[in-house]
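A short worksheet on the structure shown next.
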Amino acid sequence: IFSIVVFGSIVNECYVNKDSQNPELLCIFNENESACSYGIAVGIIAFFGCIFFFVVDLHFQQISSVKDRKRAVLLDLGFSGFLSFLWFVAFCFLANQWQRTTMSKGVSQGADAARAAITFSFFSIIIWVALAVKALQRYRLGTDMSLFATDQFATDPNAAYPGYPTGSGIESTETYQSPPFTETLDTNPKGYQVPAY
């Protein structure tokens, strides 16, 4: 949402006319086109990255390969860290260019949008650092295989595999079918009546 606010406010209101005679639109941030372009680019990258990792999180449990799960978590960690850096640069760059901007009638019209872009760039730093820390915690949890493996293993390496559950735990002494490989030659098993035709 923050990325939408940043690139949306820059695209919608941060390009203004210098004066009424000149129809050319200039970036509100000290007339520096790079500042507006950088803010828009980082906002769009963050937006599509959020969508991608949201879909990955939704389908994370269906990823059967441990290596693929580990790669997904590492990709999330790297992307979050990289975007934290990009948002930090965006905040510093936009704030610096806004500080150098001389106020005019056109600039005052888009001033609120410029301040919103700077403010939400700062908030985005905090959010992406938190996402990077969360991805790092998720990666560290995965080193004990509980995140990356679908089966739950015992903590003792010498312990046997727990096996399949037996159901209710109450077993009947009456068996419907004889155990495998123990065929009896009895033609009338217990409890079975031969039908009369």
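All residue numbers in this chain count up from 1 along the given sequence.
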Discussion item. Between Asp76 and Val56, is the side-chain contact (heavy atoms from CB on, under 4.5 Å) condition met? List the steps.
Written reply: CA-CA 9 Å; Asp76 187 14; Val56 168; over 6 Å; no

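- Minimum heavy-atom separation, Trp87 to Ser3: CZ2-CB, 4.0 Å.
- With sequence neighbours excluded, the residues forming a side-chain contact (heavy atoms from CB on, under 4.5 Å) with Phe85 are Val89, listed by chain and number.
- Under the side-chain contact (heavy atoms from CB on, under 4.5 Å) criterion, Leu25 pairs with Tyr15, Asn17, not counting sequence neighbours.
- Val42 is connected to Ile126 through a chain of hydrophobic side-chain contacts under 4.5 Å among Ile, Leu, Val, Met, Phe, Trp and Tyr, so both are in one cluster.
- In the hydrophobic clustering of ILVMFWY residues, with side-chain heavy atoms under 4.5 Å counting as a link, Leu131 and Ile1 come out apart.
- The two atoms that bring Ala35 and Leu94 nearest to each other are O-CD2, 3.5 Å, heavy atoms only.
- Of all heavy-atom pairs spanning Asn32 and Cys27, the tightest one is O-SG, 3.3 Å.
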Review item, side-chain donor-acceptor pairs of residues 4-11, under 3.5 Å, at least two apart:
unit_1	atom_1	unit_2	atom_2	d
Ser9	OG	Val5	O	2.8
Ser9	OG	Val6	O	3.1

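- Remark: Thr119 engages Phe123 in a side-chain contact (heavy atoms from CB on, under 4.5 Å) (not counting sequence neighbours).
- Counting only residues at least two apart or in different chains, salt bridge (Lys or Arg N to Asp or Glu O under 4.0 Å) contacts with residues 121-132 are absent.
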Worksheet item: Run the side-chain contact (heavy atoms from CB on, under 4.5 Å) check on Trp98 and Ile28 step by step: do they pass?
Response: CA-CA 8 Å; Trp98 181 247; Ile28 200 171; 4.0 Å; yes

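- Atom CD of Gln99 has 12 or fewer neighbouring heavy atoms from other residues, nucleotides or ligands inside a 6.0 Å radius.
- Screening residues 37-58 for side chain to side chain donor-acceptor pair (under 3.5 Å) gives Glu33-Ser37, Asp57-Arg138 as the qualifying pairs, with residues at least two apart or on separate chains.
- Clustering of Ile, Leu, Val, Met, Phe, Trp and Tyr by side-chain heavy atoms under 4.5 Å joins Leu58 with Phe54.
- Every side-chain contact (heavy atoms from CB on, under 4.5 Å) that Asn30 has, sequence neighbours left out, goes to Gln97, Arg100, Thr101.
- Minimum interatomic distance between Phe2 and Ser124 (heavy atoms only, all atoms of both residues): CB-OG, 3.3 Å.
- Although no hydrogens or angles enter the test, the distance criterion places a donor-acceptor pair under 3.5 Å between the side chain of Ser84 and the main chain of Trp128.
- Among residue pairs with one or both ends in residues 115-127, those qualifying as salt bridge (Lys or Arg N to Asp or Glu O under 4.0 Å) are Asp112-Arg115; sequence neighbours excluded.
- Evaluation of the ring pair (Phe, Tyr, Trp, His ring centres under 6.0 Å) rule for Phe91 yields Phe122 as partners, not counting sequence neighbours.
- In this structure, Ala72 and Phe60 approach most closely via the heavy-atom pair CB-CE1, 4.2 Å.
- In this structure, Leu26 CG and Cys36 SG are separated by 9.5 Å, a value rounded to the nearest 0.5 Å.
- Ile45 CD1 to Ile40 CD1: the interatomic distance, rounded to the nearest 0.5 Å, is 12.0 Å.
- In this structure, Gln62 and Arg69 approach most closely via the heavy-atom pair N-NH2, 4.4 Å.
- For the atom pair Leu136 CG and Leu74 CG, the distance stands at 10.0 Å (nearest 0.5 Å).
- Residues forming a disulfide bond (SG atoms under 2.5 Å apart) with Cys50 (at least two apart in sequence, or on another chain): none.
- Phe48 and Val55 are assigned to two separate hydrophobic clusters, defined by single-linkage of ILVMFWY side chains at heavy-atom distances under 4.5 Å.
- Scanning for ring pair (Phe, Tyr, Trp, His ring centres under 6.0 Å) contacts around Phe53 gives Phe79, with sequence neighbours left out.
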